[in-house]
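By convention in this document, chain letters (A, B, ...) are assigned in the order of the sequence lines, proteins followed by strands, and residues within each chain are numbered from 1.
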2 protein chains.
Amino acid sequence: MASIDDVARHAGVSTATVSRVLNGKNTVSTTTAEKVLAAVNALDYVMSSSASGLASGRTKNIGVVVPELTRWYFTNVVEGIASGLLHHGYDLTVYSLRDGGSARRSVFEQSLLRQRVDAFIAISQELTNDELAKLRALNKPLVGVGGPLPGVHTLSIDDVAVSTEATQHLINLGHTRIAHISGTVEFEADFHLPTNRRSGYEAALTAAGIPIPHDLQAAADFTIPGGYGATQQLLTLGDRRPTAIFVSSDEMAIGSILAIREAGLTVGRDVSVVGIDNYELSDYFGLTTVAQYPQDQGRQAVELLMNVLQPGRPVSTNLITPLTTELLVRSSTGPAPSTDRKTRT
Amino acid sequence: MASIDDVARHAGVSTATVSRVLNGKNTVSTTTAEKVLAAVNALDYVMSSSASGLASGRTKNIGVVVPELTRWYFTNVVEGIASGLLHHGYDLTVYSLRDGGSARRSVFEQSLLRQRVDAFIAISQELTNDELAKLRALNKPLVGVGGPLPGVHTLSIDDVAVSTEATQHLINLGHTRIAHISGTVEFEADFHLPTNRRSGYEAALTAAGIPIPHDLQAAADFTIPGGYGATQQLLTLGDRRPTAIFVSSDEMAIGSILAIREAGLTVGRDVSVVGIDNYELSDYFGLTTVAQYPQDQGRQAVELLMNVLQPGRPVSTNLITPLTTELLVRSSTGPAPSTDRKTRT
DNA sequence: GTGAAAGCGCTAACAC
DNA sequence: GTGTTAGCGCTTTCAC
């Protein structure tokens with residue numbers, strides 16, 4: 001493993017010059033730089049991140065704190081981050097909190113403090129004041145993805161607006177008996193996502209003068225089986241069943257579709273379904289949804305960090321960056337059945 | 001950010017002693033060790049990984065090279081690795097090859113060489129000889145998960161045996177017209193997984209004296225929609241359609257189930273389906289499958305590495321560690337329809 | 001059982 | 001535009 005001294009010797013320059021070339025300082029003459037680069041190639045030299053990190057205080061490594069790695073949203077954000085960082089020559093160290101309590105403590109009290117990274121990205125993770133304080137004490141840039149962290153620059157979709165849009169789509173199609181499947185309370189920890197999405201739903205109904213149907217509310221755990229079960233409940237209402245359902249996530253919405261099919265009804269005709277996400281299977285199931293783009297969100301988070309990390313780049317001052325979403329209308333939503341539905345059933 | 005000197009001063013000892021305590025060298029008296037630990041707590045000291053890494057050559061960080069982060073198998077292996085490493089006080093740096101060509105090159109020629117990690121885990125990744133040589137040149141331990149790498153200790157299920165078991169299950173139920181949906185050729189790069197699983201299928205048929213039905217072969221891309229499409233093809237055969245399908249992965253098998261349902265047939269009665277994996281939705285769909293346990297595989301890979309990394313731990317000598325699998329019989333498989341099926345249809 | 005001191009391989013003043 | 005040199009914060013001989 002060649003060291004910077006080997007390169008310097010091989011190129012006939014000082015180590016300082018080698019360092020300057022490798023760090024892109026443009027105070028080196030083109031000819032010298034070429035000699036250095038030639039030596040670097042000849043020796044297959046790659047600098048030691050430990051040595052560089054110790055001397056400069058910069059590790060060229062970013063830490064990502066994520067609730068778990070196996071859900072669609074999280075993995076896609078992480079994949080986007082990985083892709084973004086690679087472009088900037090940064091590495092990615094992942095801290096999964098999946099194991100819960102003691103693991104979480106060991107991450108916040110040990111791992112994160114090892115000065116292994118230059119900055120952090122926290123994904124969909126409501127942090128305790130104590131944890132936030134620990135992160136801040138490190139005095140390293142921190143950006144959030146997926147929900148607002150107090151005092152932290154965050155990328156987030158507007159959950160309320162997105163839910164209003166989805167519900168409004170159903171209202172526009174003439175639906176009035178619109179059910180809602182939200183997340184169960186344990187997901188409140190993720191930035192009150194269930195509550196925010198319910199608020200958007202209620203706002204749309206209220207604005208349209210439609211009373212909120214309290215008999216048409218259900219909740220599940222953001223999985224396909226969960227959405228399936230919740231929908232089965234809603235379908236037991238017989239004639240009083242909804243003609244449309246706004247579901248808080250696409251995975252649950254796919255569960256709804258499966259339940260509706262199984263009940264012998266036609267999705268998009270007897271019962272319309274709209275979700276949020278544009279999950280990987282949503283297109284396949286013809287699910288109308290408000291799409292969000294987690295991989296782009298990850299890439300954007302990286303750009304945000306690079307702006308902070310690389311002096312000279314513009315730093316935006318507002319703490320919340322709204323993210324792109326888009327209503328994708330597919331076959332799972334259609335006009336409300338005509339009022340003679342009861343007799344047809 | 002307290003340094004080791006601060007701790008040493010606070011405890012009234014030398015930095016060498018602090019280092020010894022923190023690294024678990026048992027050449028320090030209990031009383032001194034306690035003083036040191038007290039100082040560490042008082043100052044909230046956590047050592048700098050760069051400094052420690054530079055001085056010792058050990059980073060307490062493991063690199064994972066993964067084809068992408070968004071597929072069930074990969075994310076679960078990575079989650080298992082993360083969990084295992086956390087227990088050992090190691091961090092996890094992820095290198096996703098998802099972006100393809102140039103990204104892959106930059107990973108192998110730059111990122112991996114930065115001496116940021118003590119060892120590597122390569123997941124389901126057939127490496128070129130060049131890449132393998134680069135990794136070996138680093139002289140760092142390397143273990144593979146998901147397929148055999150030449151000369152590398154690898155954790156792998158026996159794809160042939162597992163496929164034979166799945167097919168045998170169908171044969172035992174009396175099926176003889178058994179179709180196979182395999183992976184398309186582009187997945188051959190993952191250790192010839194399509195070929196191996198097909199071999200197991202053919203071996204089971206041959207052993208049972210059943211000729212291989214060449215009209216009942218299809219291939220797809222390991223996704224639900226892919227399996228759905230392949231199955232639709234198989235069902236166009238009318239009376240000559242299969243009574244059972246062995247599908248190379250659960251995701252595709254779920255696509256099969258959806259296609260069979262949509263054709264108005266009953267899964268497990270008209271057509272049986274068996275897959276491989278025990279994907280997160282397999283239970284929900286009642287899919288019979290040969291389960292594998294990617295999170296455990298990740299944890300096992302970590303233990304293997306720790307044995308190599310921490311001298312004194314036993315190092316196993318055989319290069320391939322077979323992994324646990326288990327046939328889970330659910331409702332998607334049932335006895336072959338009686339031969340009057342044609343008339344019933 | 002403990003301390004002194006020489007690095008580990010870089011970076012960043014500071015000189016020239 | 002380039003070289004000299006003093007650290008960065010640890011680990012690890014080598015003494016004692």
Would you mind writing out the side-chain donor-acceptor pairs for residues 46-54 of chain A within the sub-3.5 Å range, not counting sequence neighbours?
residue	atom	partner	partner atom	Å
A/Ser48	OG	A/Ser50	N	3.3
A/Ser48	OG	A/Ala51	N	3.1
A/Ser49	OG	B/Arg114	O	3.0

Any [X] side-chain N or O less than 4.0 Å from OP1/OP2 of [N]:
X: A/Thr17; N: D/dG3; result: yes
X: B/Ser14; N: C/dA4; result: no
X: B/Thr27; N: C/dT2; result: no

[X] [atom1] - [N] [atom2] separation (whole Å):
X: B/Arg9; N: D/dC10; atom1: CZ; atom2: C1'; answer: 15 Å
X: B/Leu43; N: D/dG9; atom1: CG; atom2: P; answer: 15 Å
X: B/Lys35; N: C/dG1; atom1: NZ; atom2: C1'; answer: 11 Å

#### Entry: Pairing of B/Arg9 and B/Asp5 as salt bridge, 4.0 angstrom limit
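No salt bridge links B/Arg9 with B/Asp5.
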#### Entry: A/Ser83 and B/Arg98, any side-chain heavy atoms less than 4.5 Å apart
no
### Message
Under a 3.5 Å threshold, yes or no: a donor from one side chain and an acceptor from the other, between A/Gln297 and A/Tyr73?
### Response
yes
### Message
Taking atom CZ as the centre, does A/Arg136 end up with more than 12 heavy-atom neighbours from other residues, nucleotides or ligands that are less than 6.0 angstrom away?
### Response
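Buried by this count: over 12 neighbours within 6.0 Å.
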### Task
Assess whether atom CG of A/Asn41 is packed by more than 12 heavy atoms of other residues, nucleotides or ligands within 6.0 Å.
yes
### Query
For every nucleotide of nucleotides 6-16 of chain C, 5' to 3': is a protein heavy atom under 4.0 Å from its base (B), only from its sugar-phosphate (S), or from neither (-)?
-BBBBSBB---
